[in-house]
Amino acid sequence: MNDQVSQGYGAVAATAETGWLTTSFILIALGAALAVFILIWGARLAIRRRKAREELDQRGELEVVDPAKPIEPVSEIPEAPQAPAPTPEPGPLADEPIAAAAPVAAPSAALAADTNAEPAPAEPAPVEPTPAAGGDDLTRLKGIGPKLAARLNELGITRFAQLAALDEASARALDAQLGSFQGRMTRDRWTEQARFLAAGDTAGYEAVFGKL
């Protein structure tokens, strides 16, 4: 009888131990599956963030402010070469003295006394021509987004011809003022792009740099 009781207790203990081990294995498997899921989800989020940063970087809208490096304006930016104004040739009457203008006669008394006469309309003042304020759309250059174009405008670069005329020293001086965008000028070949666009050679530009 005692042997049967002992065997019964042993069977119950073995069953309990087996059930505990099974539960432990199940919990371990669930924990491992959860860890793998978290790792996969984190990797997918990291890939999405990296792609988003690359897209912003390609459009020139990703800017990292470096507070330790002050931004100074470019001291000298060479202007695009302009053709000299033609010198007017002296005409046949250039050496002759110009006669003095005759004095204007005073208005007659009859005209002054006529109160019903309507005053002559005043001539409009001549309108002075104003230079174009906008300049060229620098965002047409590959690698330049709105923020970078605004920074170039602050530094005095508003036209393709200005970028096209930069020599090596001036290009380095300008690049040093771009802060977090430094290095873009060489990498994206702004000077070469600007030469095509300044000359209006859209076909040549697209043959080298792709469609605008």
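Any value given below was found using the heavy atoms of this structure, including those in side chains, with hydrogens, waters and symmetry copies removed.
- Rounded to the nearest 0.5 Å, atoms NZ (Lys147) and OG1 (Thr139) are 14.5 Å apart.
- Between Phe160 and Leu138 the shortest side-chain heavy-atom distance falls below 4.5 Å.
- Once rounded to the nearest 0.5 Å, the distance linking CG of Leu39 with CG of Leu34 reads 9.5 Å.
- Residues Asp136 and Leu197 have side chains not in contact (no heavy-atom distance under 4.5 Å, counting atoms from C-beta outward).
- Checked by atom type and distance alone, the side chain of Gln162 pairs as donor or acceptor with a backbone atom of Arg159 at under 3.5 Å.
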Worked check of side-chain contact (heavy atoms from CB on, under 4.5 Å) between Arg195 and Tyr205
CA-CA 9 Å; Arg195 285 173 186 163; Tyr205 178 93; over 6 Å; no
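- The shortest distance between side-chain heavy atoms of Leu152 and Trp190 falls below 4.5 Å.
- Phe196 meets the ring-ring contact (aromatic ring centres under 6.0 Å, His included) test with no other residue; sequence neighbours excluded.
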For side-chain contact (heavy atoms from CB on, under 4.5 Å), just list the numbers for Leu155 and Leu178, CA-CA rounded to whole Å, side-chain angles, deciding distance to a tenth of an Å, and then say yes or no.
CA-CA 9 Å; Leu155 297 174; Leu178 297 181; 4.0 Å; yes
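- Residues Arg44 and Ile47 form no side-chain contact, since every pair of their non-hydrogen atoms from C-beta on lies 4.5 Å or further apart.
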side-chain contact (heavy atoms from CB on, under 4.5 Å) between Ile157 and Asn153, worked out:
CA-CA 5 Å; Ile157 302 296; Asn153 290 338; 5.7 Å; no
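- Within 6.0 Å of atom CZ in Arg187, more than 12 heavy atoms from other residues, nucleotides or ligands are found, so the atom counts as buried in its surroundings.
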Under the side-chain contact (heavy atoms from CB on, under 4.5 Å) criterion, do Ile144 and Asp188 qualify, and how do the steps go?
CA-CA 9 Å; Ile144 297 183; Asp188 295 328; over 6 Å; no
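- Considering only heavy atoms from C-beta on, Leu163 comes within 4.5 Å of Leu141 through its side chain.
- Arg184 places a side-chain N or O within donor-acceptor distance of the main-chain N or O of Gly143, the cut-off being under 3.5 Å.
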Should Glu154 and Arg151 be marked as a salt bridge (Lys or Arg N to Asp or Glu O under 4.0 Å) after you check the CA-CA gap, both sets of side-chain angles, and the distance that decides it?
CA-CA 5 Å; Glu154 290 175 2; Arg151 177 58 185 154; 3.0 Å; yes
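- In terms of heavy-atom proximity, Lys142 sits nearest to Lys211 at NZ-O, 3.1 Å.
- Between the side chain of Gln193 and the backbone N or O of Phe209 there is no donor-acceptor pair closer than 3.5 Å.
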